[in-house]
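Below you'll find the structure, written out as structure tokens, and then a few comments.
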There are 2 protein chains.
Amino acid sequence: MTEHSRVWIDAETKIADAPGDHHDELRLWLRLFSVTRLMENDVRSRLQNEFDVTFPRFDILSQLYRVPDGLILGELSQRLMVSPGNITSVIKRLMDDGMIVRNQNPNDRRENIVQMTALGREKFIQMAASNEEWVRNLTKDLAPADVKALLALLQKMKTSVRRALDE
Amino acid sequence: MTEHSRVWIDAETKIADAPGDHHDELRLWLRLFSVTRLMENDVRSRLQNEFDVTFPRFDILSQLYRVPDGLILGELSQRLMVSPGNITSVIKRLMDDGMIVRNQNPNDRRENIVQMTALGREKFIQMAASNEEWVRNLTKDLAPADVKALLALLQKMKTSVRRALDE
DNA sequence: GCGTTTTATTTTAGGTGTCAAGTAATTTGC
DNA sequence: GCAAATTACTTGACACCTAAAATAAAACGC
């Protein structure tokens with residue numbers, strides 16, 4: 001039992017489980033939420049302890065890593081699903097750390113493009129490798145077929161959610 | 001398209017999808033995370049707009065609703081999977097709103113039991129009903145069998161995560 | 001072409017989150 | 001029985017988060 005594994009009694013465990021009633025969707029949401037929080041808490045504390053980086057910063061780096069040409073702040077905000085006003089300060093700190101750079105688009109001076117630096121790229125690669133290892137370890141009791149099935153079902157779920165949000 | 005449905009391009013959409021490689025677990029984590037955030041953002045903004053309550057407060061009320069005898073702060077912290085230091089101020093605000101009360105346990109004066117008030121109970125019932133409706137709407141394109149399958153697979157996943165955290 | 005509108009970002013106020021250090025109450029161990 | 005360890009909670013420093021208002025630049029409309 002490591003420091004990363006404080007035992008949570010999560011928000012969903014104690015609900016009377018009478019499967020098959022009319023509350024399965026709610027139960028699904030609670031379970032989804034609790035698994036996510038469980039994993040997120042572990043990943044967050046490991047990122048902090050082993051790389052001295054916060055989860056949101058890692059999140060930003062993940063995005064920028066995949067887009068070498070960089071992203072404008074608005075795109076970043078949308079991809080991370082956080083509000084635009086939030087990005088400003090986190091970006092500032094990543095710049096102070098030398099992980100990213102930020103440049104005004106000369107063709108549209110409202111836009112600010114952020115890109116990874118070589119340093120950011122180098123550090124991110126290490127974090128990403130550890131991150132993947134942590135996640136694989138957390139999910140190691142799932143059979144590959146379960147993983148596949150979850151991927152497909154969660155895709156369906158995401159599609160449903162997006163459709164509902166677009167209405 | 002309502003105010004609740006700002007269109008996010010989430011953190012996971014843009015990953016090259018080459019299913020079947022060795023990165024399915026990571027992809028699963030990203031997808032799980034993005035669905036959760038998508039739903040959470042919607043639920044949070046609706047709770048705020050329609051009930052003037054924050055998500056964490058709703059979370060606390062949900063727990064207390066199910067336990068009429070109340071919970072001590074530490075239990076609450078564990079169930080919500082948030083750090084103990086966090087609970088204090090949120091509890092304080094819920095008390096100011098008259099939704100909950102807090103009493104010292106006379107047998108162990110370190111412990112503080114929080115319970116819902118009649119007002120809290122009354123308001124929570126309305127919120128919970130709306131919440132369930134929102135969630136059902138968000139997941140409405142999922143067949144009942146998909147919901148069942150997801151519930152089972154996420155349970156497996158949660159078990160795997162807990163086991164890994166206990167090591 | 002010039003005022004209006006839209007778009008991109010920042011700022012502000014307030015709530016929530018962590019961790020670490022601190023306080024108070026109980027339990028342990030000799 | 002009393003010092004030491006543990007448990008429950010609070011506080012303080014700092015990071016993130018949202019919503020809404022403010023700023024600045026580009027696009028639009030007539």
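Residue numbering restarts at 1 for every chain, and letters A, B, ... go by the order of the sequence lines.
The side chain of B:R44 lies closest to D:dA19, out of D:dA8, D:dA19, C:dT18. Distances were taken from every side-chain heavy atom of A:N41 (C-beta onward) to each of C:dT18, C:dG15, C:dT10; the shortest belongs to C:dT18. For A:N86, whose side chain is taken as the heavy atoms from C-beta onward, the closest listed nucleotide among C:dT16, D:dC17, D:dC9 is D:dC17. Each of D:dA19, C:dG15, C:dT18 was ranked by its minimum atom distance to the side chain of B:R57; first place goes to C:dG15. Closest contact between the side chain of B:V82 and the listed nucleotides C:dG17, D:dC17, C:dT9 involves C:dG17. Side-chain proximity of A:L73 to the nucleotides C:dT10, D:dC16, C:dA8 is greatest for C:dT10.
Spacing between atom CD1 of A:I72 and atom P of D:dA24 amounts to 19 Å, rounded to whole angstrom units. We find that CG of A:N107 is positioned 19 Å from P of C:dT7, with the value rounded to whole Å. Separating the CZ atom of B:R46 from the P atom of D:dA19 is a distance of 13 Å, rounded to the nearest angstrom. For the pair B:N105 CG and C:dA24 C1', the interatomic distance rounds to 15 Å; values are reported in whole Å. One can place CD1 of A:I87 at 14 Å from P of C:dT11, the figure rounded to the nearest angstrom. Following rounding to the nearest Å, B:M81 (CE) and C:dT18 (C1') show an atom-to-atom distance of 16 Å. Atom-to-atom, CD of A:Q48 to C1' of D:dA15 comes out at 9 Å; the value is rounded to the nearest Å. Residue A:E75 contributes atom CD, which lies 15 Å from atom P of C:dT7 at whole-angstrom precision.
Residue A:D108 is in sugar-phosphate contact alone, with no base atom involved, counting any heavy-atom pair closer than 4.0 Å across all strands shown. Looking at heavy-atom distances under 4.0 Å, A:T88 makes contact with a base. Within the 4.0 angstrom heavy-atom criterion, base atoms lie near B:G85.
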Atom pairs under 3.5 Å, N or O on each side, protein against nucleotides 5-7 of chain D: can you list them with distances?
| from | atom 1 | to | atom 2 | distance (Å) |
| --- | --- | --- | --- | --- |
| D:dT7 | O2 | B:R110 | NH1 | 3.3 |

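When ring centroids are compared, B:F58 and B:F51 stay outside the 6.0 Å threshold.
Here the closest non-hydrogen pair linking A:S77 and A:V82 is OG-O, 2.8 Å. The two atoms that bring A:R57 and A:V90 nearest to each other are CG-CG1, 3.7 Å, heavy atoms only.
A donor-acceptor pair under 3.5 Å is absent between the side-chain atoms of A:S130 and the main chain of A:M127, judged by distance alone. Although no hydrogens or angles enter the test, the distance criterion places a donor-acceptor pair under 3.5 Å between the side chain of B:E75 and the main chain of B:I72. A donor-acceptor pair under 3.5 Å is absent between the side-chain atoms of A:E25 and the main chain of B:V147, judged by distance alone.
The stretch residues 89-104 of chain A touches DNA chain C through A:K92, A:R102, each having a heavy atom within less than 4.0 Å of the strand.
Considering only heavy atoms from C-beta on, B:I91 comes within 4.5 Å of B:L73 through its side chain.
OP1 or OP2 of D:dA8 has not a single side-chain nitrogen or oxygen of B:R109 nearer than 4.0 Å.
Atom-to-atom distance recorded for B:I100:CD1 and B:L64:CG is 6.0 Å, nearest 0.5 angstrom.
Classification of the B:W29-A:F55 ring pair by plane angle, with boundaries at 30° and 60°, yields perpendicular.
B:N41 and B:R44 share a donor-acceptor pair across their side chains, judged by distance under 3.5 Å alone.
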